[in-house]
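Structure first, then comments.
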Amino acid sequence: MTLIDQWLRRPDFDILRLTASELADVASCHQGRFAHPWSEDEIHALMRQDTVFGFIARQTNPLLGRAALGGFVLARVAGGEGEILTIAVDSRFARLGLGWRLMLAALSEAKRRGAESMFLEVDETNHPAVGLYRRLNFQTVATRKAYYKGADGTRTGALVMRLDF
């Protein structure tokens with residue numbers, strides 16, 4: 001494969017602040033990754049809160065067609081603590097580092113807003129996500145048994161993870 005072939009196949013992404021115009025794409029991405037996805041209205045209700053912010057990964061390689069949404073992250077900061085509300089990367093763009101980049105943007109913004117620590121919950125069976133959070137130095141501080149319900153009705157536990165800044 002030539003360098004040109006690689007460039008044409010591997011899309012580039014910019015990390016941008018989430019705006020209201022992106023909510024339909026964000027809801028669609030969430031639907032593609034979660035058994036019980038949030039609707040566009042639910043995401044919009046969150047985004048109306050002053051404490052909530054988000055980032056998207058938007059494709060920038062025009063030769064690949066329409067600028068696809070590669071992923072997003074929603075977070076909030078209140079009382080010196082931050083929380084990752086949800087994060088998703090479109091399966092077409094998995095393993096390109098978008099989750100890492102989105103998390104770095106959210107962590108940076110949380111620090112800027114005065115967070116001293118960041119929390120998140122993750123399905124204990126979501127090994128790629130757990131690995132990402134551990135590489136970012138999140139530590140497991142609690143577990144929740146049978147917290148998540150899968151599409152088939154099975155239940156899995158959640159890890160509560162924390163990162164101190």
Working to the nearest 0.5 angstrom, can you tell me the gap between [X] [atom1] and [Y] [atom2]?
X	Y	atom1	atom2	value
Thr86	Glu42	OG1	CD	11.0 Å
Phe72	Leu18	CZ	CG	8.5 Å
Leu98	Asp90	CG	CG	9.5 Å
Glu116	Lys111	CD	NZ	12.5 Å
Ile84	Met161	CD1	CE	12.0 Å
Leu96	Arg101	CG	CZ	9.5 Å

Give a yes or no answer on whether the side chain of [X] reaches the backbone of [Y] with a donor-acceptor pair at less than 3.5 Å.
X	Y	result
Arg135	Gly131	yes
Thr60	Asp12	yes
Asp14	Leu16	no
Arg144	Val160	no

Give me the atom names and distance for the closest heavy-atom approach of [X] to [Y].
X	Y	answer
Ala106	Met118	O-CE, 4.2 Å
Met47	Gly54	CE-N, 4.2 Å
Gly150	Ala35	C-CB, 4.0 Å
Phe138	Leu120	CE2-CD2, 3.6 Å
Ala105	Ile15	CB-CG2, 3.8 Å
Tyr148	Ala158	CE1-CB, 3.5 Å

*Qualifying residues under side-chain hydrogen bond (donor to acceptor under 3.5 Å, both in side chains), relative to Thr140, sequence neighbours excluded*: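 Applying side-chain hydrogen bond (donor to acceptor under 3.5 Å, both in side chains) to Thr140 gives none.
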Side chains of [X] and [Y] in contact at under 4.5 Å (non-hydrogen atoms):
X	Y	answer
Leu104	Phe55	no
Val77	Thr51	no
Leu132	Met103	yes
Val130	His127	no
Arg58	Leu69	yes

_If you count heavy atoms of other groups shown closer than 6.0 angstrom to CD of Glu109, is the number above 12?_
yes
*Indicate whether any N or O donor in one side chain lies under 3.5 Å from an N or O acceptor in the other, for Ser39 and Asp41.*
no
*asked:* Any donor-acceptor pair under 3.5 Å linking the side-chain atoms of Thr156 with those of Asp123?
replied: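 Yes.
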*Can you list the steps and then say if Asn137 with Asp164 is a side chain to side chain contact (heavy atoms under 4.5 Å, CB included)?*
CA-CA 9 Å; Asn137 295 318; Asp164 291 321; over 6 Å; no
*Start with the C-alpha distance between Asn126 and Tyr133, add both sets of side-chain angles, then the distance that settles side chain to side chain contact (heavy atoms under 4.5 Å, CB included), and finish with yes or no.*
CA-CA 11 Å; Asn126 186 344; Tyr133 305 141; over 6 Å; no
*Hey, which of Val73, Val26, Asp25 is the one that makes side-chain contact (heavy atoms from CB on, under 4.5 Å) with Ile56?*
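Between Ile56 and the candidates, side-chain contact (heavy atoms from CB on, under 4.5 Å) is satisfied uniquely by Val26.
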*asked:* Quick test of your reading: applying ring pair (Phe, Tyr, Trp, His ring centres under 6.0 Å), list the pairs with at least one residue in residues 33-54, sequence neighbours left out, ordered by first then second residue.
replied: His30-Phe34, His30-Trp38
